[in-house]
J.: 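Just dropping this structure here.
To find a chain, count down the sequence lines: A is the first, B the second, and so on, and within it residues start at 1.
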Protein chains: 2
Amino acid sequence: MNIAEVAKAAGLPAKTIRYYEDIGLIHPKRGENGYRDFSASDLHKLAFVGRARSLGFSIVECRALLGLYEDQGRASGDVKALAMTHVAQIRSKIDELRAMDATLSKLIQACHGDQRPDCPILAGLAKPAVG
Amino acid sequence: MNIAEVAKAAGLPAKTIRYYEDIGLIHPKRGENGYRDFSASDLHKLAFVGRARSLGFSIVECRALLGLYEDQGRASGDVKALAMTHVAQIRSKIDELRAMDATLSKLIQACHGDQRPDCPILAGLAKPAVG
DNA sequence: TATGGGGCTTCCAGCTGCTGGAAGGTCAAG
DNA sequence: CTTGACCTTCCAGCAGCTGGAAGCCCCATA
């Protein structure tokens, strides 16, 4: 399989796949002509990484997950620990975003939003947070 | 005021303040010795940007907000529009993160997390999403 | 067999928003 | 006069790609 085919199958841009090889996530072999020649296993790994990425795992985490995936003797506890750490990060990010949303929503509600210059949003940004 | 003082007052690292000058958000004047000499207005702008950043506005958005802030003839509607667009982005990010959370939480719950290699989390990553 | 259009390769640069560090000038205290 | 804390500039690097240039390669058609 060459890169375009694998890209389509894995749902990743060819550029990204080259990048993943670059950083050592996959090691496709090369044909006589220098073209990458992907195996089914390469494709599986790419799809795996693609899904992990779409769940927000970093490349470092993906590398670890891939290692565990390939290691037949892994302990599921290690995987679970990694995933739980990640979920915790996701949740704290959600909390952070919700706080932003709350603050901004209040300011937006207070702003009449017309042609006049008077603006509680700018006023809110100009002064230290009060609540 | 020199940079350390302003950094403390604005709650931003000196490096960040230099960077903000670099990209043209502020234009502090210079003393004889080449040191930056910040005015009260520079400080206000930095604090303004700091707050906008902490609400998740991008640098580009901060630049626009700063422009509106400085423009006595602005229409509050323009500010409100900018803020509403931003809130919409925050909310879609929250939704995205919540979807990740939901998927991962399910996988984590299904995983016994012990010494055995059998792992629904890895299995979930290895196969196309089903639900 | 020549040619044209696509796909493949590499490498380099740039995006966001800083942050760390090196090399060197400056200032104030002792 | 020295010491140490400041200040300056510039360069490199973080994540995770993405775009583009320059140059092979392959296949189909004329």
Side-chain angles (χ1 to χ4, degrees), chain A residues 1-38 42-43 45-66 85-86 89-90 93 96-97 100, chain B residues 1-39 42-43 45-66 86 89-90 93 96-97 100:
Chain A
M1 271 174 131
N2 58 17
I3 201 164
E5 205 175 343
V6 156
K8 198 175 170 193
L12 294 171
K15 278 273 190 189
T16 298
I17 294 174
R18 288 193 197 102
Y19 172 68
Y20 286 171
E21 181 187 9
D22 232 47
I23 62 173
L25 285 184
I26 50 164
H27 306 280
K29 59 185 203 299
R30 300 294 180 122
E32 296 270 311
N33 53 11
Y35 285 22
R36 289 170 183 83
D37 183 13
F38 296 86
D42 292 325
L43 172 54
K45 286 194 215 173
L46 285 169
F48 180 97
V49 170
R51 278 179 218 113
R53 290 288 300 133
S54 77
L55 288 176
F57 288 99
S58 70
I59 292 290
V60 165
E61 288 166 332
C62 287
R63 204 186 293 274
L65 284 169
L66 212 43
T85 300
H86 181 53
Q89 285 166 0
I90 287 175
K93 189 73 192 171
E96 192 186 336
L97 290 170
M100 290 177 186
Chain B
M1 270 177 133
N2 58 17
I3 202 165
E5 204 174 345
V6 157
K8 198 174 170 196
L12 293 170
K15 277 276 189 185
T16 298
I17 294 173
R18 287 191 198 102
Y19 172 69
Y20 287 171
E21 181 186 11
D22 230 48
I23 62 173
L25 285 185
I26 50 164
H27 306 282
K29 59 185 201 299
R30 299 296 180 120
E32 296 270 310
N33 53 11
Y35 286 20
R36 288 169 185 83
D37 183 14
F38 297 86
S39 67
D42 291 325
L43 173 54
K45 286 193 214 172
L46 285 169
F48 180 97
V49 170
R51 278 178 218 112
R53 291 287 300 132
S54 77
L55 288 176
F57 288 100
S58 70
I59 291 291
V60 166
E61 288 166 332
C62 286
R63 204 187 293 274
L65 285 169
L66 212 42
H86 180 53
Q89 285 166 359
I90 287 174
K93 190 73 191 170
E96 194 186 334
L97 289 170
M100 290 177 187

J.: Answer with base, sugar-phosphate or nothing: what part of the nucleic acid does A/Ile3 contact at a heavy-atom distance below 4.0 Å?
T.: sugar-phosphate
J.: When all nucleic acid strands are considered with a 4.0 Å heavy-atom cut-off, which category describes A/Arg18: base, sugar-phosphate, or nothing?
T.: base
J.: With sugar-phosphate meaning primed atoms plus P, OP1 and OP2, does B/Ala4 contact a base, only sugar-phosphate, or nothing at under 4.0 Å between heavy atoms?
T.: sugar-phosphate
J.: Encode nucleotides 13-26 of chain D as B, S and - characters from 5' to 3', where the letter depends on protein heavy atoms closer than 4.0 Å: B to the base, S only to sugar-phosphate, - to neither.
T.: ---BBSBB----BS
J.: Could you tell me which non-hydrogen atom of B/Ala52 sits nearest to which non-hydrogen atom of B/Cys62, and how far apart they are?
T.: CB-SG, 3.6 Å
J.: Tell me: CD of B/Gln89 to P of C/dT16, nearest whole Å?
T.: 14 Å
J.: Can you tell me how far P of C/dC18 sits from CG of B/Leu12, to the nearest Å?
T.: 8 Å
J.: Which of these, B/Asn2, B/Leu46, B/Leu43, sits in a side-chain contact (heavy atoms from CB on, under 4.5 Å) with B/Phe38?
T.: B/Leu46
J.: Tell me: CG of B/Asp22 to P of C/dT19, nearest whole Å?
T.: 14 Å
J.: Roughly, in whole Å, what's the span from CG in A/Asn2 to C1' in D/dC27?
T.: 13 Å
J.: From A/Ile90 CD1 over to A/Phe57 CZ, what is the distance, rounded to the nearest 0.5 angstrom?
T.: 7.0 Å
J.: Can you measure B/Phe38 atom CZ to D/dC6 atom P for me and round it to whole angstrom units?
T.: 16 Å
J.: Search all heavy atoms of B/Arg53 against all heavy atoms of B/Ser58 and return the closest pair with its distance.
T.: NH1-CA, 3.7 Å
J.: Is A/Arg36 close enough to C/dG7 that one of its side-chain N or O atoms is under 4.0 Å from OP1 or OP2 there?
T.: no
J.: State the CD-NZ distance between B/Glu5 and B/Lys8, to the nearest 0.5 angstrom.
T.: 9.0 Å
J.: For A/Arg30 and C/dC8, give me the distance from atom CZ to atom P, rounded to whole Å.
T.: 12 Å
J.: Please report the end-to-end axis angle for the helix from C/dT1-D/dA30 to C/dG30-D/dC1, five pairs per end, rounded to 10 degrees.
T.: 30°
J.: Does C/dT16 have OP1 or OP2 sitting under 4.0 Å from an N or O in the side chain of B/Arg63?
T.: no
J.: What's the CD-P distance between B/Glu21 and C/dT19, to the nearest Å?
T.: 17 Å
J.: Expressed as a whole number of angstroms, how long is the span from A/Lys8:NZ to C/dG7:C1'?
T.: 15 Å
